[in-house]
A.B. asks: 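This is the structure I want to talk about, given as structure tokens.
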Number of protein chains: 2
Amino acid sequence: MTAAKESAHGKRDTGTLGKLMVLLDVVSHADGPMRFTDILAVTDQPRGTVHRQLSHLVDEGLLEIDEDGLYLPGLRLLDFASRSWGRNEFRLIAEPHLKALQDMTGETVHLGVLRGTSIIYLDKFEGQQPVRMYSQIGNASPVYCTGVGKAALSILPQERVRALVAEIAFHRFTANTHTAKSLLGEIEEIRKVGHAFDREEHEVGIRCIAAPIWSENLSLVGGVSVTGPAYRLGMESLSEWAAPIRETAGRIMEAMRVGLGPRR
Amino acid sequence: MTAAKESAHGKRDTGTLGKLMVLLDVVSHADGPMRFTDILAVTDQPRGTVHRQLSHLVDEGLLEIDEDGLYLPGLRLLDFASRSWGRNEFRLIAEPHLKALQDMTGETVHLGVLRGTSIIYLDKFEGQQPVRMYSQIGNASPVYCTGVGKAALSILPQERVRALVAEIAFHRFTANTHTAKSLLGEIEEIRKVGHAFDREEHEVGIRCIAAPIWSENLSLVGGVSVTGPAYRLGMESLSEWAAPIRETAGRIMEAMRVGLGPRR
DNA sequence: AAATTGAGTTCCAAATAATAGAACAATTGT
DNA sequence: ACAATTGTTCTATTATTTGGAACTCAATTT
């Protein structure tokens, strides 16, 4: 009779932790250090409560307070993340294939995986520069405006796509950014041809082509992409990479079957 | 009359969050995916409790369960971390100076910062030579067996060093790893000369030289280091870099004063 | 100089979520 | 077929979190 056991959109109730994660999310996704009052403003909880919650997060190193008393994400997060990343099997298996694709195309190659309604970038191979670990790696981007995201959606059963799309809060990043309706339409196209484009849908001047990667039971869904600046990459030249990128995706899936299949 | 408000060594009580963080710590620092029972074994809590705690962590994406039901660190951690890293001012300011030091020495350069009794590596510039090393951006390493760690301790007031050392659980990684007593002795030396060595104290075959970096009020304490394999780097050649590495540290501190001092 | 506003912190009875422990499934080994 | 091990669910009890007010401190305004 009291509050719902599950919040509006199917997310499970995680009690105290859930409330704390909202705060961590707010602070870590802000443009810069945040004042207590500004954090308070985006919650609907009383001051005393938020104050104690933030104190706990700070005590645990998940948040920090700078000398001006502003809150910012804590460095302890880095330690957790580096271990999550360092041992990620999908990434380890895909690595050589990504490198090869980078060599072939000369453009930036990304590996991403679907989590909720976001794509989390697991790895990135740039032209000359050595890999700057978190330069883009780790970032969560919306599914609906990334090549990898749309490629990933295209291999999910239609019902699951619809359910996911219903959860998304669409935001118009550029003139080409999808809406719920246009996205569902394009997914159908992608399903047929086997690869997806990003036609400057997330950032003006940035295009990409992507192919999906998935495990048998869909416990892992993601993709590879080749990204580059629009001035250098016409849609025609992007299209020429459709075959190699699909082959790369295929090789990664094959490597996963032998690498993960038989008891590791 | 009940349990203490503060745990043994001065750490604040963070209630429910603290208990959850212990679990997250255990799983993310394990060698591989963990079974429920193994996680349970390292806690002193009842089965039902741990089970629910893990469920909450999984629901929030901080942990994940693979197809065998094993727990591993969740990818959501990557998103948090990439934002923490991407905007870290200390790292951004130090970057060009680290690069210059790497160019000059040709060996791997690290930037680290003190958090509790650990050094968290914020950045790393590698040389050409592919030397496998137990160090990655974000990783937390013990203060007492890293060059950066000892350099950092050397600029803290003696009482604070003693307090910190008292908290450390010393683990003998190599034959040269410090004990509490020997560490305190070396800190005195480092305080005098202004730079620290790591004489294969963490990993056999790996040496380094480091210089401390600190802010006026000690709100930030860390260091830079040049690291390399023992077979190529004798203690004599390492010593030759004492001056340049201290200059690099000096330049970074100068840049911090102008960069952070006046309202950013 | 006194009063006012705004930001941050502390406190405690009441509300709520976490806990302990047992009971229940499901899986594996003998 | 039986025992042992592992993982999951349930509920009264207990402990933590909550909400709201009161308080401090500094910066502005009157």
Side-chain angles (χ1 to χ4, degrees), chain A residues 1-8 11-27 30 32-60 62-72 74 217 219 262-263, chain B residues 1-7 11-27 30 32-60 62-72 74 217 219 263:
Chain A
M1 210 77 17
T2 51
K5 267 266 160 64
E6 311 204 349
S7 67
K11 252 201 165 178
R12 300 267 223 90
D13 177 30
T14 55
T16 303
L17 179 62
K19 296 168 197 159
L20 293 171
M21 293 302 287
V22 170
L23 293 181
L24 187 51
D25 217 61
V26 165
V27 175
M34 287 184 83
R35 297 185 321 159
F36 172 75
T37 308
D38 296 330
I39 299 172
L40 180 62
V42 300
T43 74
D44 52 356
Q45 291 183 302
R47 297 149 68 97
T49 300
V50 173
H51 189 266
R52 179 187 37 76
Q53 290 171 329
L54 289 172
S55 299
H56 284 178
L57 289 167
V58 169
D59 288 341
E60 288 296 337
L62 300 179
L63 290 181
E64 296 184 7
I65 304 187
D66 69 13
E67 45 264 315
D68 302 329
L70 302 176
Y71 291 85
L72 44 112
N217 58 1
S219 65
R263 219 91 306 274
Chain B
M1 211 81 18
T2 51
K5 267 266 160 66
E6 310 205 350
S7 67
K11 250 201 167 181
R12 301 266 223 87
D13 176 30
T14 55
T16 302
L17 178 62
K19 296 166 198 160
L20 293 171
M21 292 304 287
V22 169
L23 294 180
L24 187 52
D25 216 63
V26 165
V27 175
M34 289 184 81
R35 298 186 320 158
F36 172 75
T37 309
D38 296 330
I39 299 171
L40 180 62
V42 300
T43 74
D44 51 356
Q45 291 182 302
R47 298 152 68 94
T49 300
V50 173
H51 190 268
R52 180 185 37 76
Q53 290 172 329
L54 290 172
S55 299
H56 283 177
L57 288 167
V58 169
D59 288 342
E60 288 296 336
L62 300 179
L63 291 180
E64 295 183 8
I65 303 186
D66 69 13
E67 46 263 317
D68 302 328
L70 303 175
Y71 291 85
L72 45 109
N217 58 2
S219 66
R263 220 92 301 277

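Labels below follow one simple rule: chain letters A, B, ... track the order of the sequence lines, proteins then strands, and each chain is numbered from 1.
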A.B. asks: Given atom CD of Gln45(B) and atom P of dT14(D), what is their separation to the nearest angstrom?
C.D. replies: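 So the CD-P distance, Gln45(B) to dT14(D), works out to 18 Å.
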
A.B. asks: Give Gly15(B) one of three labels, base, sugar-phosphate or nothing, depending on what nucleic acid heavy atoms sit under 4.0 Å from its own.
C.D. replies: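 Here Gly15(B) touches the backbone only, sparing every base.
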
A.B. asks: Both Arg52(B) and Arg52(A) contact DNA chain C. Which one's nearest nucleotide lies toward the 5' end?
C.D. replies: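 It is Arg52(A) whose nearest nucleotide is closer to the 5' end.
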
A.B. asks: Go through the structure and list residues passing side chain to side chain donor-acceptor pair (under 3.5 Å) with Thr16(A), not counting sequence neighbours.
C.D. replies: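 Here no residue qualifies.
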
A.B. asks: Could you state the atom-to-atom distance from CG of Leu20(B) to P of dA17(C) in whole Å?
C.D. replies: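 Roughly 15 Å, once rounded to whole Å.
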
A.B. asks: Reckon Thr49(A) touches a base, only the sugar-phosphate, or nothing at all at heavy-atom distances under 4.0 Å?
C.D. replies: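 Answer is base: heavy atoms of Thr49(A) come under 4.0 Å of a base.
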
A.B. asks: Counting only side-chain nitrogens and oxygens, does Gln53(A) get under 4.0 Å of the OP1 or OP2 atom of dT18(D)?
C.D. replies: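 Yes, within the criterion.
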
A.B. asks: OP1 or OP2 of dT9(C) sitting under 4.0 Å from any side-chain N/O of His51(A)?
C.D. replies: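 For dT9(C), OP1 or OP2 has a side-chain N or O of His51(A) closer than 4.0 Å.
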
A.B. asks: Would you say that Leu70(B) contacts Met34(B) through its side chain, given a criterion of any heavy-atom pair below 4.5 Å between the two side chains?
C.D. replies: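 No, too far: nothing below the 4.5 Å cut-off.
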
A.B. asks: In whole angstrom, what separates His56(B)'s NE2 from dT9(D)'s P?
C.D. replies: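 For the pair His56(B) NE2 and dT9(D) P, the rounded distance is 12 Å.
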
A.B. asks: Once you apply a heavy-atom cut-off of 4.0 Å, does Arg35(A) come out as touching a base, just sugar-phosphate, or nothing?
C.D. replies: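 Sugar-phosphate contact only - Arg35(A) comes under 4.0 Å of backbone atoms but never of a base.
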
A.B. asks: Please list every donor-acceptor pair under 3.5 Å in which a side-chain atom of residues 37-47 of chain B meets a protein atom from a residue at least two apart or in another chain.
C.D. replies:
{"from": "Asp38(B)", "atom 1": "OD2", "to": "Arg35(B)", "atom 2": "NE", "distance (Å)": "3.3"}
{"from": "Thr43(B)", "atom 1": "OG1", "to": "Leu40(B)", "atom 2": "O", "distance (Å)": "2.9"}
{"from": "Thr43(B)", "atom 1": "OG1", "to": "Gln45(B)", "atom 2": "N", "distance (Å)": "3.4"}

A.B. asks: Excluding sequence neighbours, so at least two apart, what forms ring-ring contact (aromatic ring centres under 6.0 Å, His included) with His56(A)?
C.D. replies: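 Partners of His56(A) by the ring-ring contact (aromatic ring centres under 6.0 Å, His included) criterion come out as none, since no residue qualifies.
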
A.B. asks: Output the rounded distance in Å from CG (Asp13(A)) to P (dA17(C)).
C.D. replies: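 Going from CG in Asp13(A) over to P in dA17(C) covers 7 Å.
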
A.B. asks: Counting side-chain heavy atoms from CB outward, which of dA17(C), dT8(D), dT19(C) is closest to Lys19(B)?
C.D. replies: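 Selected nucleotide: dT19(C).
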
A.B. asks: Does Leu72(B) have any side chain to side chain contact (heavy atoms under 4.5 Å, CB included) partners at least two apart in sequence or in another chain, and if so, which?
C.D. replies: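 Residues passing side chain to side chain contact (heavy atoms under 4.5 Å, CB included) with Leu72(B): Pro33(B), Glu64(B), Asp66(B).
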
A.B. asks: Produce the list of close N/O pairs, under 3.5 Å, pairing protein atoms with atoms of nucleotides 24-30 of chain C; give distances to one decimal.
C.D. replies:
none

A.B. asks: For Ile65(B) and dG7(D), what is the distance between atoms CD1 and C1' respectively, to the nearest whole Å?
C.D. replies: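 For the pair Ile65(B) CD1 and dG7(D) C1', the rounded distance is 11 Å.
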
A.B. asks: Expressed as a whole number of angstroms, how long is the span from Asp68(A):CG to dA27(D):P?
C.D. replies: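 In whole Å, dA27(D) P lies 13 Å from Asp68(A) CG.
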
A.B. asks: When rounded to the nearest 0.5 angstrom, what is the spacing between CE in Met21(A) and CG in Leu17(B)?
C.D. replies: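 So the CE of Met21(A) and the CG of Leu17(B) are separated by 9.5 Å.
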
A.B. asks: Angle between the two end axes of the helix from dA1(C)-dT30(D) to dT30(C)-dA1(D), five base pairs per end, rounded to 10 degrees?
C.D. replies: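 End-to-end axis angle for the helix from dA1(C)-dT30(D) to dT30(C)-dA1(D): 30°, rounded to 10°.
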
A.B. asks: For Asp66(B) and dG7(D), what is the distance between atoms CG and C1' respectively, to the nearest whole Å?
C.D. replies: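 In whole Å, dG7(D) C1' lies 15 Å from Asp66(B) CG.
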
A.B. asks: Looking at Thr16(A), does any N or O in its side chain come under 4.0 Å of the phosphate oxygens OP1/OP2 on dT16(D)?
C.D. replies: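 No, Thr16(A) has no side-chain N/O under 4.0 Å of OP1/OP2 on dT16(D).
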
A.B. asks: In whole Å, what is the span from the CD1 atom of Ile39(A) to the C1' atom of dG8(C)?
C.D. replies: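 Distance, rounded to whole Å: 12 Å.
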
A.B. asks: Closest approach to the side chain of Phe36(B), judged atom by atom: which nucleotide of dT8(D), dG8(C), dG20(D) is it?
C.D. replies: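 Given the options dT8(D), dG8(C), dG20(D), the side chain of Phe36(B) is closest to dT8(D).
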
A.B. asks: Once you round to the nearest 0.5 Å, how far does CD of Glu60(B) lie from CG of Leu20(A)?
C.D. replies: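 Here the interatomic distance stands at 9.5 Å.
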
A.B. asks: Do the rings of Phe36(A) and Tyr71(A) sit parallel, tilted or perpendicular, given the 30° and 60° boundaries?
C.D. replies: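 Judged by the thresholds at 30° and 60°, the geometry between Phe36(A) and Tyr71(A) is tilted.
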
A.B. asks: Does Leu23(B) reach the side chain of Val27(B), with side-chain heavy atoms less than 4.5 Å apart?
C.D. replies: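 Of all side-chain heavy-atom pairs linking Val27(B) with Leu23(B), none is under 4.5 Å.
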
A.B. asks: Grab the two heavy atoms, one from Leu62(A) and one from Leu24(A), that are nearest each other, plus how far apart they are.
C.D. replies: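 Shortest heavy-atom contact: O-CD1, 3.6 Å.
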
